[in-house]
Novice: 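Just dropping this structure here.
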There are 2 protein chains.
Amino acid sequence: MIIDRDNGVPYYIQLMELLRKQIAAGILQEGQRILSEVEMGKVYRINRHTVRQAIDELCRLGELYKIRGRGTFIAKALLDTVEYQLSAKNRFTENIKKIGATPSTKILQTNEIIAPEKVRKALDLDHDERVYFHYVQRSINERPFLIGQAFLPVKYFLNALPYLNVLESMSEFYAKYNINYERAKSTIQAVFPTKEEALLLDIPRNMPVLKVKKLMKSQTGIMIAYGISCYRSDVAELSISW
Amino acid sequence: MIIDRDNGVPYYIQLMELLRKQIAAGILQEGQRILSEVEMGKVYRINRHTVRQAIDELCRLGELYKIRGRGTFIAKALLDTVEYQLSAKNRFTENIKKIGATPSTKILQTNEIIAPEKVRKALDLDHDERVYFHYVQRSINERPFLIGQAFLPVKYFLNALPYLNVLESMSEFYAKYNINYERAKSTIQAVFPTKEEALLLDIPRNMPVLKVKKLMKSQTGIMIAYGISCYRSDVAELSISW
DNA sequence: ATCGATTTGTCCGTATGTATT
DNA sequence: AAATACATACGGACAAATCGA
């Protein structure tokens, strides 16, 4: 494999294709370090900056990632997409088991806070009203799939912290308080992740996420919870039925 | 405004922020050409390549765009997001009028084709079965919002071409054939657009789109239509209620 | 239709800074 | 502390696309 000097195709494009082929062929594997910029320049007889152009582009596409001082690495291969049913009552654990995969949940944070502006508006709370904040990372086959934040007004869920700390599913939780959350409204956007979201989902900043905001109401029309979830766009295919 | 040589912030980052401020302040306006790379280098006393780094990054973020031989231009300002109700029966025109904006539809193509693989599977059609293909671009206030492809089995919609060519809304169309499409299932993904999609939506290739696939069934359970729509992720916020 | 000026695209070379090992 | 690796920045050169004289 060598760079063709005369075919008019830019060297960096040729190098990109070359690296891609090596990844596809399994010569370069997930997590493996590739040659340094200088080394690769020597091997293919092109300037370091030209190598950088190719590598930068592949990083942008999420196929490589760089760590300053350490090197450039092959990004994780994509998973197959998972069709994930959104509904008024969506149970992550059940949904995933149904497709024969292994779900897991890591609780990142649970505490009681003053409702932030957006939550206050969504749930129509008074100033200074308190909510429980429940922050989880959910994975499929040990690979991060979504991160979810839930905001639950304290007034409806008294002394909930102990429960939230050991919680596996939200449905279970609502059942404890005899609350029916029959109706719900969700909005879905495609956005780029924050640094924290990218970290927790193990994706590059340039890979979009599906951001789902959900408002849940009881049968009587009281807004009882607000949630914001981020799904990995390379894995999640949200599904809705009517 | 000048580049600070000593604050440790990379020059190209400083230049990015500087350009952004000028855009935000309206000094640089939509579609306007900015200084050439060489000129900008002279003005801010930095190398052309450093200028390029800043400009490339802003292009990547969709704030600028370049045309070789002509120059670099300010990208179109983003619209406010539009909350767009997805439901079994979703009427674009009505939805948009409701929020006080002006909807418009451009029919890109209508014809009769042999059902492609994916459509055949989705609609459970026989080999070589024919479908009408209906391809539209829908805009809000003259700005592209979505492009939609619909596939309708010929056997359920005889002689539909004349209707499809002058169609404003799909609901109207179904009504003509006395078909109730009560039930539906949609899936939603965030993906990067193809070149054609990016062109029709007037977005850069690096801005994700919301891809919605929709399967419609009649009351009797017959699958009567399949559709694929691409929504601009910077404008569309899909909304679902239960 | 041609030519020249302008502008972005590609490529090379070198030097220095910063993070990691 | 030294070596290695990526990040930033400067310089120059030529190619390719565009536009106007």
Side-chain angles (χ1 to χ4, degrees), chain A residues 2-19 28 31-75 195 198-199 204-206, chain B residues 1-19 28 31-75 195 199 204-206:
Chain A
I2 202 76
I3 302 293
D4 184 336
R5 253 67 191 172
D6 306 308
N7 65 359
V9 178
Y11 299 171
Y12 78 97
I13 301 277
Q14 289 189 49
L15 181 55
M16 274 177 66
E17 292 312 320
L18 220 149
L19 288 169
L28 297 173
Q32 188 184 327
R33 199 176 78 88
I34 64 174
L35 294 180
S36 75
E37 294 167 351
V38 175
E39 285 170 336
M40 197 161 317
K42 279 182 189 159
V43 170
Y44 297 105
R45 313 258 177 182
I46 51 183
N47 188 273
R48 184 188 156 208
H49 292 300
T50 308
V51 173
R52 271 177 74 80
Q53 244 182 305
I55 290 179
D56 284 349
E57 193 64 16
L58 287 174
C59 287
R60 215 176 64 70
L61 294 169
E63 301 178 30
L64 298 176
Y65 61 92
K66 297 193 273 193
I67 303 176
R68 186 169 176 169
R70 286 190 48 200
T72 303
F73 305 83
I74 308 294
K195 199 179 289 183
L199 193 70
R205 292 290 303 275
N206 56 36
Chain B
M1 289 290 224
I2 203 72
I3 302 294
D4 185 336
R5 256 64 193 172
D6 307 307
N7 65 0
V9 178
Y11 299 172
Y12 78 97
I13 301 277
Q14 290 188 50
L15 181 55
M16 276 176 64
E17 293 312 321
L18 219 149
L19 288 169
L28 298 172
Q32 187 183 327
R33 199 175 77 85
I34 65 173
L35 293 181
S36 75
E37 294 167 354
V38 176
E39 284 171 336
M40 198 164 314
K42 279 183 188 160
V43 169
Y44 296 106
R45 313 260 175 180
I46 51 183
N47 189 274
R48 183 188 157 208
H49 293 299
T50 308
V51 173
R52 272 178 73 79
Q53 242 183 305
I55 289 178
D56 283 350
E57 192 66 17
L58 287 174
C59 286
R60 216 177 63 69
L61 294 169
E63 301 179 29
L64 298 176
Y65 61 92
K66 297 193 273 193
I67 304 177
R68 186 170 175 171
R70 286 188 49 199
T72 303
F73 305 83
I74 307 295
K195 201 181 286 183
L199 194 68
R205 291 292 302 276
N206 55 37

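In what follows, every chain begins at residue 1, and chains take the letters A, B, ... in the order their sequences are listed.
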Novice: In whole angstrom, give the distance that lies between atom CZ of A/Phe73 and atom C1' of C/dA19.
Specialist: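 These atoms are roughly 12 Å apart.
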Novice: Once hydrogens and angles are ignored, does a donor-acceptor distance under 3.5 Å link the base of D/dT8 to the side chain of A/His49?
Specialist: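 Answer no: no donor N or O sits under 3.5 Å from an acceptor.
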Novice: If we only count heavy atoms from C-beta on, is the A/Ile46 to A/Met40 side-chain gap below 4.5 Å?
Specialist: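 They are not in side-chain contact.
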Novice: If you compare all heavy atoms of B/Tyr11 against all heavy atoms of B/Thr50, which two are closest, and at what distance to 0.1 Å?
Specialist: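 Distance-wise, the nearest heavy atoms are CB-CG2, 3.8 Å.
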Novice: Can you tell me how far P of C/dT8 sits from CG of B/Leu58, to the nearest Å?
Specialist: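 Distance check: B/Leu58 CG to C/dT8 P gives 14 Å.
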Novice: Does C/dG13 have OP1 or OP2 under 4.0 Å away from a side-chain N or O of A/Asn47?
Specialist: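 Yes, within the criterion.
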Novice: Search all heavy atoms of B/Gln14 against all heavy atoms of B/Val9 and return the closest pair with its distance.
Specialist: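 Scanning both residues, the minimum pair turns out to be NE2-O, 2.9 Å.
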Novice: How close or far is atom P of D/dA7 from atom CG of B/Asp56, stated in whole angstroms?
Specialist: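 Answer to the nearest Å: 15 Å.
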Novice: Find the distance B/Asp6:CG to D/dA9:C1' and express it as a whole number of Å.
Specialist: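 It works out to 15 Å between those atoms.
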Novice: Any chance you could measure B/Lys42, atom NZ, to B/Ser36, atom OG, to the nearest 0.5 Å?
Specialist: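 The distance works out to 8.0 Å.
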Novice: Side chains of A/Arg48 and A/Arg52: closer than 4.5 Å at any heavy-atom pair?
Specialist: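 The answer is yes, as the side chains (C-beta and beyond) meet within the 4.5 Å cut-off.
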Novice: Using atom CZ of B/Arg52 as one end and atom C1' of D/dG11 as the other, report the distance to the nearest whole Å.
Specialist: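 Rounded to whole Å, this separation is 15 Å.
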Novice: If you look at every heavy atom in B/His49 and B/Asn47, which pair is closest and at what distance?
Specialist: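 Looking at all heavy atoms of both residues, the shortest contact is N-OD1, 2.8 Å.
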Novice: According to the Watson-Crick and G-U wobble definitions, with both distances under 3.5 Å, which nucleotide is paired to D/dA1?
Specialist: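 Answer to the pairing question: none, since D/dA1 forms no Watson-Crick or G-U pair.
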Novice: At what distance, to the nearest 0.5 angstrom, does CG of A/Leu35 lie from CG of A/Leu19?
Specialist: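 The CG atom of A/Leu19 is 9.0 Å from CG of A/Leu35, to the nearest 0.5 Å.
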Novice: So does A/Arg48 reach the base of D/dA7 with its side chain, donor to acceptor, closer than 3.5 Å?
Specialist: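 Check passes, donor-acceptor contact within cut-off.
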Novice: Specify the separation, in whole Å, of atom CD1 of B/Ile34 and atom P of C/dT6.
Specialist: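 B/Ile34 atom CD1 is separated from C/dT6 atom P by 18 Å.
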Novice: Which pair of heavy atoms, one from B/Ala54 and one from B/Tyr12, lies closest together, and at what distance?
Specialist: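 Closest heavy-atom pair between B/Ala54 and B/Tyr12: CB-O, 3.4 Å.
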Novice: Return the polar atom pairs (N/O with N/O) between nucleotides 2-5 of chain D and the protein under 3.5 Å, or none.
Specialist:
residue : atom : partner : partner atom : Å
D/dA5   : OP1  : A/Arg33 : NH2          : 3.3

Novice: Closer than 4.0 Å, any side-chain N/O of B/Thr50 to the OP1 or OP2 of D/dT8?
Specialist: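 It does not, given that no N or O in the side chain of B/Thr50 lies less than 4.0 Å from OP1 or OP2 of D/dT8.
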Novice: Find the distance B/Gln53:CD to D/dA7:P and express it as a whole number of Å.
Specialist: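 Those two atoms, CD and P, are 10 Å apart.
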Novice: To the nearest angstrom, how far is A/Ile3 atom CD1 from C/dC12 atom P?
Specialist: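 Interatomic distance, CD1 of A/Ile3 to P of C/dC12: 9 Å.
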Novice: Among residues 9-16 of chain A, which ones have heavy-atom contacts with DNA chain C below 4.0 Å?
Specialist: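 Going residue by residue through residues 9-16 of chain A, the ones with a heavy atom under 4.0 Å of DNA chain C turn out to be A/Pro10, A/Tyr11, A/Tyr12.
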Novice: To check you understand the geometry: which heavy-atom pair defines the closest contact between A/Gly31 and A/Tyr65, and what is its length?
Specialist: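 Of all heavy-atom pairs spanning A/Gly31 and A/Tyr65, the closest is CA-OH, 4.1 Å.
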Novice: Just to confirm, is there a sub-4.0 Å distance from OP1 or OP2 of D/dA7 to any side-chain nitrogen or oxygen of A/Lys66?
Specialist: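 Answer is yes, contact under 4.0 Å.
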